[in-house]
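Proteins get letters first, then strands, A, B, ... in listed order; numbering begins at 1 in each. Note that the structure is predicted; figures quoted are calculated from it, not measured. Every heavy atom of this structure was used, including side-chain atoms; hydrogens, water molecules and symmetry mates were not.
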2 protein chains.
Amino acid sequence: MISQKSRYALRALIHLARHGDASIATIAEHENIPRKYLEAIMAELKLHGFVTSRRGKSGGYTLARPASAISFADVLRATDGPLALAPCASRTAYRRCEDCVDVETCSIRHALIAARDATAAVLEATFLSDPEADAEVT
Amino acid sequence: MISQKSRYALRALIHLARHGDASIATIAEHENIPRKYLEAIMAELKLHGFVTSRRGKSGGYTLARPASAISFADVLRATDGPLALAPCASRTAYRRCEDCVDVETCSIRHALIAARDATAAVLEATFLSDPEADAEVT
DNA sequence: GCTTATTCCTATAATTCCGATAGGATTTAT
DNA sequence: ATAAATCCTATCGGAATTATAGGAATAAGC
């Protein structure tokens, strides 16, 4: 499962993709996200370079890149960490599992890597611009 | 990410698949799993019908079904819940997301379902008997 | 300039989950 | 009897998750 935060983040970004610039208050209301929590999430998304902001009256948030250039995988990695089911199955952020005796002979890693590749193929091919499209998995 | 518990569970079950009956102490030692924690995990696996146990001296655990009939998906669902990335993307345990306005028009559900199907295809085709094999995804 | 609407910053809090440990009761083979 | 194992109940620290509170800083419009 991804976190509530990740679901909020995706929905907020898609809102921006569909409606253009918007304030936190607007997004929070339309997407049914707690306003104060959304503030924290948008700050994080800004740090990761997904959005830019303008302060003051009539300020708000804007996508920093075209919606067609931001994938679900990008967002989920930023908000929830690796897509993989175990640290040792991540290709973008490999880490040894704490208790692992020997990575090479680990009995479960192979399958977890296959699962991560399958998920990544879908999520890397799904973009904010058209999240309902069937991902073209190649 | 799956939980530590799930990784322990998979490794413990694969140990049984490979070496036949074994006690908690034996599995814990060979698989580098905390003994007391493994006790709790095996109890849970028994409740779910993956293993049977014998008490007393020379007791221990046995797979309740052939290793080739227990998939990674079976085990992970028992120890970690649905494979899906969101409650509303699960096919085996669908739940509405708490904050969801309308399931039908949810902007992220489509992709999450596609991701869940991709993962499930792999994990349902990977078995304790041969976890290193490439899953035959059909 | 004042007001208002906004982002930004820091701090805190409640709850839950995770990973584990402790101690002993019960069962069974030898 | 003894030893080796599962079973049972209880507890626990720490981390993560999901927020909320309160106000400072900024900018637009009148």
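Atom-to-atom, CZ of B/Arg11 to P of C/dG19 comes out at 13 Å; the value is rounded to the nearest Å. Protein atom CD of B/Glu44 is 15 Å distant from nucleotide atom C1' of D/dC8, rounded to whole Å. Atom-to-atom, CE of B/Met42 to P of D/dT6 comes out at 9 Å; the value is rounded to the nearest Å. Taking atom CE of A/Met1 as the reference point, atom C1' of D/dT18 lies 17 Å away to the nearest angstrom. What separates NZ of A/Lys5 from P of D/dT20 is a distance of 15 Å, to the nearest Å. Atom CG in A/Leu38 sits about 14 Å away from atom C1' in C/dC8, given to the nearest Å. Here the P atom of nucleotide C/dA20 and the CD1 atom of B/Ile24 are 15 Å apart, to the nearest Å. Between B/Asn32 atom CG and C/dA20 atom P the separation is 10 Å, expressed in whole Å.
When distances run from any side-chain atom of B/Ser58 to the nucleotides C/dA29, D/dT20, C/dC9, the shortest one goes to C/dA29. The nucleotide whose nearest atom lies closest to any side-chain atom of B/Tyr8 is, among D/dT6, C/dA20, C/dT7, C/dA20. Side-chain proximity of A/Ser3 to the nucleotides D/dT18, D/dC8, C/dC8 is greatest for D/dT18. With distances taken from any side-chain atom of B/Pro34 to the nucleotides D/dT18, C/dT21, D/dC7, the minimum falls on C/dT21.
A/Asn32 approaches A/Arg11 most closely through the heavy-atom pair O-NH2, 3.8 Å. Annotation for A/Val122 and B/Ala111: closest pair CG1-O, 4.0 Å, computed over non-hydrogen atoms. Closest approach of A/Ala67 to A/Phe127, counting heavy atoms only: O-CB, 3.8 Å.
Judged by atom type and distance alone, B/Arg55 reaches the base of C/dT26 through a side-chain donor-acceptor pair under 3.5 Å. B/Lys36 contributes no side-chain N or O that forms a donor-acceptor pair with the base of C/dG19 under 3.5 Å.
Sequence order on DNA chain D of the closest nucleotides to A/Arg54 and A/Arg35 puts A/Arg35 first from the 5' end. Nearer the 5' end of DNA chain C, as judged by each residue's closest nucleotide, is the contact made by B/Asp80, out of B/Gly56 and B/Asp80.
The closest side-chain heavy-atom distance from B/Cys88 to B/Tyr94 is below 4.5 Å.
Between A/Tyr37 and D/dT17, a side-chain N or O to OP1/OP2 separation shorter than 4.0 Å is absent. For A/Lys57, no side-chain nitrogen or oxygen approaches OP1 or OP2 of D/dC30 to under 4.0 Å.
The existence of a salt bridge linking A/Arg18 and A/Glu132 is confirmed by a sub-4.0 Å separation between a basic side-chain nitrogen and an acidic carboxylate oxygen.
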